[in-house]
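Read through the structure below, which is laid out as structure tokens, and then see the notes.
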Protein chains: 2
Amino acid sequence: MPFTYPYARPALTVDCVVFGLDVSDLKVLLIQRDLAPFAGRWALPGGFVRVDETLDEAARRELREEAGLTKVFLEQLCTIGEVQRDPRERVVTVAHYALVRLGDHQVQAATDARNAAWFAVDDLPDLAFDHVAIVTTALQRLQGKVRYQPIGFELLPPKFSLSQLQRMYEIILERELDKRNFRKKVLSLGILQDLDEVEQDVAHRAARLYRFDERTYRQKVKDGFNFEL
Amino acid sequence: MPFTYPYARPALTVDCVVFGLDVSDLKVLLIQRDLAPFAGRWALPGGFVRVDETLDEAARRELREEAGLTKVFLEQLCTIGEVQRDPRERVVTVAHYALVRLGDHQVQAATDARNAAWFAVDDLPDLAFDHVAIVTTALQRLQGKVRYQPIGFELLPPKFSLSQLQRMYEIILERELDKRNFRKKVLSLGILQDLDEVEQDVAHRAARLYRFDERTYRQKVKDGFNFEL
DNA sequence: CCTTTATAGTGTTGTTATGACACTATGTCA
DNA sequence: TGACATAGTGTCATAACAACACTATAAAGG
């Protein structure tokens, strides 16, 4: 009989740090727990992995069930196997992070539904388990990755202005960027499609709208191109 | 009764991609399996996580037991939870990668011991399970990380010449670097300590030896310094 | 309709980093 | 002492980066 006593057969969970971009803040989606342990505390959306699903599938299912989110950008972050991290019994969790567009209807729904809410990443409430550490790791990963992979677009609407794009980077990287240098650089990458449209319903000069041209991006990557902020 | 039927309670393993640097190749340490499944096949060192140890502890224990390695550089890589990846039953594995100095005595021992051997990373035998995919991921991670984190030194002896250092990067990145530009750049980082010593027993002009000055590096990082190849 | 307000959009220049490139120096060995 | 193998060294042209301030446009409000 293999793998019996001394080997761990832990319960397995997935947890997701869901990032959304506000006007002025990077937000994280939290769910208020109604069961022990940590009943009443805010926690990352997540839950137990089922016997017939992969980790990625489990994470997506939890996002759908707990927050009504589908088709989001989702990546594995790290796995935490501290023996006593769950007071009940050993629970190993595979942490993920996700990027969503806060404007989306489904995201609105998520905010309305049950005990879910968005919190500014630098002003989080007390979290259950070791979830603060997971958020910290996720933020570091995002800050690192956003500079060499075009994942930031996942946080913006499909059509966006260069100002929005710049603000996104400023918020994530927590530092100001020079407007002219930023525009020069980002346009020179040649992965933005100028839509020849402008913003609507703004109380000032309307900005030109762009779209991330994933097709072109992929082609360029094949040819040895390297995205870099 | 929580977490019974529908939830997974998988066996949990750790697997390690141990990299070592040869004169002309990046090598990976493999162990020949003597048990089914995949008896006789080469596989990554690794094994089941015990009830009382963390993932990191399990990985280090396996490295010690299977390869006689201690105190190596070790980082988590990714976790694989495909349902059928092990023919016996569901086994989730947390993959790691490690960097060791091939010159070390313990590493020599590892090579001698039982069915362990080093293979060039681009000339691997058939591997058990999904271990090829893990090696591929680990290599990509190493290639990415070596450029913005001074982890490559873990593959070199404590005292090394600039030529050795350059060769290390060339081997990992799989492209040639310009000697003068490389030396200029790496010295300008100010994280190498010139030991005022030269190589011994070489059949040509002996090279100056350097050491990675971790103290200075940490200090510089605190002051906002960014290592970059 | 004219002023205010809010944001969009635009170029130049000095500085720094990068990449290309070839020869001399030093030590061992035959 | 000559052949060899590798160490070590500098310049220049080009590209990338950082700093910097004003004009343009549209809506709102008096």
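In what follows, chains carry the letters A, B, and so on, assigned in the order in which the sequence lines appear, proteins first and then strands, with residues in each chain numbered from 1. Everything numeric here is computed off the predicted structure, so don't read it as measured data.
When heavy atoms are screened at a 4.0 angstrom cut-off, A:V198 is found touching no nucleic acid atom at all. Among the atoms of the strands shown, base atoms are found under 4.0 Å from some heavy atom of A:R183.
Computed from coordinates, the B:Q164 CD to D:dT6 P distance equals 13 Å when rounded to whole Å. Regarding B:L162, its CG atom lies at a distance of 16 Å from the C1' atom of C:dT26, rounded to whole Å. Atom P of nucleotide C:dG9 and atom NE2 of A:H204 are separated by 11 Å, given to the nearest angstrom. For the pair B:R208 CZ and D:dT6 C1', the interatomic distance rounds to 16 Å; values are reported in whole Å. B:E176 places its CD atom 15 Å from the P atom of C:dG19, with the value rounded to the nearest Å. Computed from coordinates, the A:D201 CG to D:dA28 C1' distance equals 14 Å when rounded to whole Å. The distance between atom NZ of B:K179 and atom C1' of C:dA25, rounded to the nearest whole Å, is 11 Å. The CD atom of B:E199 sits 13 Å away from the C1' atom of C:dT28 (whole-angstrom rounding).
With hydrogens and angles left out, the side chain of A:K184 and the base of C:dT12 share a donor-acceptor pair within 3.5 Å. If you check distances only, the side chain of B:K185 never reaches the base of C:dA17 with a donor-acceptor pair under 3.5 Å. Taking only distance into account, the side chain of A:R180 never meets the base of C:dA8 through a donor-acceptor pair shorter than 3.5 Å. Counting distance only, with no hydrogens placed and no angle test, the side-chain atoms of A:R205 and the base atoms of D:dA26 include no donor-acceptor pair under 3.5 Å.
Between A:R141 and A:E75 there is no salt bridge, since no side-chain N of the basic residue sits under 4.0 Å from a carboxylate O of the acidic one. Looking at B:R208 and B:D196, a side-chain N of the basic residue comes within less than 4.0 Å of a carboxylate O on the acidic one, giving a salt bridge. Using a 4.0 Å cut-off between charged nitrogen and carboxylate oxygen, A:R61 and A:E57 do not count as a salt-bridge pair.
For A:A207, counting side-chain heavy atoms from C-beta on, the closest listed nucleotide (D:dA5, C:dG9, D:dT9) is C:dG9.
Here A:S163 does not reach the OP1 or OP2 of C:dT7: none of its side-chain N or O atoms lies under 4.0 Å away.
Along DNA chain C, the nucleotide nearest to A:L187 and the one nearest to A:A203 differ in position, and the one closer to the 5' end is contacted by A:A203. For the pair A:A206 and A:N181, both in contact range of DNA chain D, the more 5′-proximal nearest nucleotide belongs to A:N181.
Between B:F227 and B:Y217, the two ring planes are perpendicular [angle over 60°; tilted spans 30° to 60°].
More than 12 heavy atoms of other residues, nucleotides or ligands shown are found within 6.0 angstrom of CZ on B:R33.
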